[in-house]
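Naming: A, B, ... by sequence-line order, numbering from 1 per chain.
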There are 2 protein chains.
Amino acid sequence: MPAEASAPTGDGTQAQAGPGAAAAPGRRERVREATLREIKDNARRRLAAEGPPGVSLRAIARDMGMTAPGLYRYFSGLDDLLNAVRADLFHELSAAVAGAAGPLPADDTDGRILASLRAFRSWALAHRAEFSLLFATPAPQDAPDPRVLEAGREFAASFFSLFDRLLAEGRIPLPADEEIGPELRDRLDAFAAKTGFTIDNASYGALRVLMSCWVRLYGLVSMEVAEHMTPIMGDMEPLFEAELQDILSPAGVEYRASHRP
Amino acid sequence: MPAEASAPTGDGTQAQAGPGAAAAPGRRERVREATLREIKDNARRRLAAEGPPGVSLRAIARDMGMTAPGLYRYFSGLDDLLNAVRADLFHELSAAVAGAAGPLPADDTDGRILASLRAFRSWALAHRAEFSLLFATPAPQDAPDPRVLEAGREFAASFFSLFDRLLAEGRIPLPADEEIGPELRDRLDAFAAKTGFTIDNASYGALRVLMSCWVRLYGLVSMEVAEHMTPIMGDMEPLFEAELQDILSPAGVEYRASHRP
DNA sequence: AGTTTTAGTGAACGGCGTAAAGCTTACGGT
DNA sequence: ACCGTAAGCTTTACGCCGTTCACTAAAACT
């Protein structure tokens, strides 16, 4: 006795009434998509609440009022689900970083960069478990998932595009190419090749500065998320802001305090 | 039919011959200590081979020819075992860092620092799973173990002592205290208080530089261990060496290439 | 000698991922 | 309008896991 019995047009076989108002995606696929979302949402709830080890198929199924093997219609296993969540999280993180720059004027490059880097930190702190799922050291044997790799690339690109603008403005005091050793140049070539940069528009010096910025930001935020220093120095925000200043000055970005603490 | 049957002196009850040569610590405690080591060694073997999730009491017990509940005589549970391993690993890492500086002359501060930081990276790369166990983001709810905290402090101290020497030599071009904001000064005060530094011998500027160095080194090594960049830029050593140079120059350390690649 | 402490086993409980088989229901083709 | 078929889901089952409890055998102490 489902509630659908009170539908205006129909009784008897609703198979007839169903496909009449069919939208493009088809009803079947819509409910499937909804279930898929529900599974991932529940996975995230547990992830946020209990960390990565708290995510289990059985628990998720229980929360949804079904049994674990049913989830195999949607994911090929726990790893597959986790990878799907990872990909979603990368997209979300990218959006958070890009979104923070959105409200600022397009020509305020410095402001956009500052806002984006702060947004990265904020997202990480507001989603510790998610952050650690994204950036944790993978187990020795498990191969990376292509969806996650792609989403990671997109995330990286959302950072690089900020940098591109900076380069275009030509304000970065770049180290001369000759100061960079030949082995490192090789590696930066490889990096540029796989990320779409060309050495034409981004010199070795520029890539060098970019890497340096990213490493420092990543180290800082990772430490804060993992709370390695928190027990001995408390609130890390002052250190973050001070480092932000130091990180960005070699890239020619003028530091500004955040007006909304 | 064991090989021991061919032993020269013995047959009958060997219980009589045993306790004669008892040493100070007591025989009982020795074998207990040995078993304890064996458990931790087996835990490490699995850790290195399969990463943190591969460490299980049942598997370890199986490897040792006993059953899982028996291990509860030595550890109060899996977490307890993992924490013991963590503490051991911190000691080992500290020793590796300190040991790398050992062979160098005591007055070669720059050389000792370079060797120590390179040793940190080398250890991390040679023990990826162990490194990630030490520095992974903890699950939201689990409280830190005091033994691990203490060992972590010791590890930090092994780094700080290098820095102390640098300070004593007065070669660091320190930022003036006034350049450091009041909030950050508060945090650095807290940091100094809990680590044994005093603001007398280490100015705010010095602590600021120390933190900056550590954050950059940590970020760099973490990224390399997690292999975030490896797929797109291959061997990270050139970047590490270049960063090492940049990291240490604000601390007044003169970079030297490593003679043994 | 007997008593107590220790190391270890065996069985059991509940939770986990996952494979196989079966049942219901809705869809698609005719 | 009907029927084959596939999708969604459950039941059952296997083997792994951490952990508890009751128990035995041996060592240590008195």
Can you find a pair of side-chain heavy atoms, one from B:Met223 and one from A:Phe135, that are under 4.5 Å apart? no

Checking A:Thr230 against A:Glu224: is there a side-chain donor and acceptor pair closer than 3.5 Å? no

Roughly how many Å is it from CG in B:Asp63 to P in D:dC17, rounded to a whole number? 10 Å

Which whole-number value in Å describes the distance from A:Leu71 CG to C:dG17 P? 9 Å

B:Ile39 has an atom CD1; how far is it from atom C1' of C:dG8, in whole Å? 12 Å

Answer yes or no: is there a donor N or O on one side and an acceptor on the other, between the side chain of A:Ser116 and the main chain of A:Val97, under 3.5 Å? yes

So, do B:Arg187 and A:Glu237 sit near enough that their side-chain heavy atoms are less than 4.5 Å apart? no

Classify the side chain of A:Arg58 versus the base of C:dG15 as yes if they form a donor-acceptor pair under 3.5 Å and no if they do not. no

To the nearest Å, give me how far apart CG (A:Leu36) and P (D:dA7) are. 15 Å

Is there a donor on the side chain of B:Arg28 or the base of D:dA28 sitting less than 3.5 Å from an acceptor on the other? no

Per the end-axis method with five pairs at each terminus, what is the bend angle of the helix from C:dA1-D:dT30 to C:dT30-D:dA1, to 10°? 0°

Check: B:Val221 and B:Leu217 side chains under 4.5 Å, non-hydrogen atoms: yes

Ion pair check, B:Arg118 and B:Glu241, cut-off under 4.0 Å: yes

Rounded distance (Å) that lies between atom C1' of D:dT19 and atom CG of B:Asp80: 14 Å

Would you say D:dA7 has OP1 or OP2 under 4.0 Å from some side-chain N or O of A:Arg32? no

Between D:dG18, C:dG17, D:dG8, which nucleotide gets closest to the side-chain atoms of B:Ser56? D:dG18

Answer with base, sugar-phosphate or nothing: what part of the nucleic acid does A:Ala68 contact at a heavy-atom distance below 4.0 Å? base

Between A:Arg73 and A:Ala59, whichever has its closest DNA chain C nucleotide further toward 5' is A:Ala59

Taking only the side-chain nitrogens and oxygens of A:Arg62, find out if one of them lies under 4.0 Å from OP1 or OP2 of C:dC16. yes

Determine, using ring centers only, whether B:Trp214 and B:Phe120 are less than 6.0 Å apart. yes

Output the rounded distance in Å from CG (B:Asp79) to C1' (D:dG18). 10 Å

From CD1 of B:Ile60 over to C1' of C:dG8, roughly how many Å is that when rounded to an integer? 17 Å

Atom CE of A:Met66 to atom P of C:dG17: distance rounded to whole Å? 13 Å

Without hydrogens or angle criteria, can the side chains of B:Arg46 and B:Ser56 be said to hold a donor-acceptor pair below 3.5 Å? no

Sugar-phosphate only, base, or nothing, as touched by A:Phe75 at under 4.0 Å among non-hydrogen atoms: nothing

So if I take every side-chain heavy atom of A:Pro69 and compare against D:dT19, D:dC9, D:dT11, which nucleotide ends up nearest? D:dT11

Counting only side-chain N and O atoms of B:Tyr72, is one of them less than 4.0 Å from OP1 or OP2 of C:dG8? no

Looking across every strand, which nucleic acid part, if any, lies under 4.0 Å from A:Thr67 by heavy atom: base, sugar-phosphate, or nothing? base

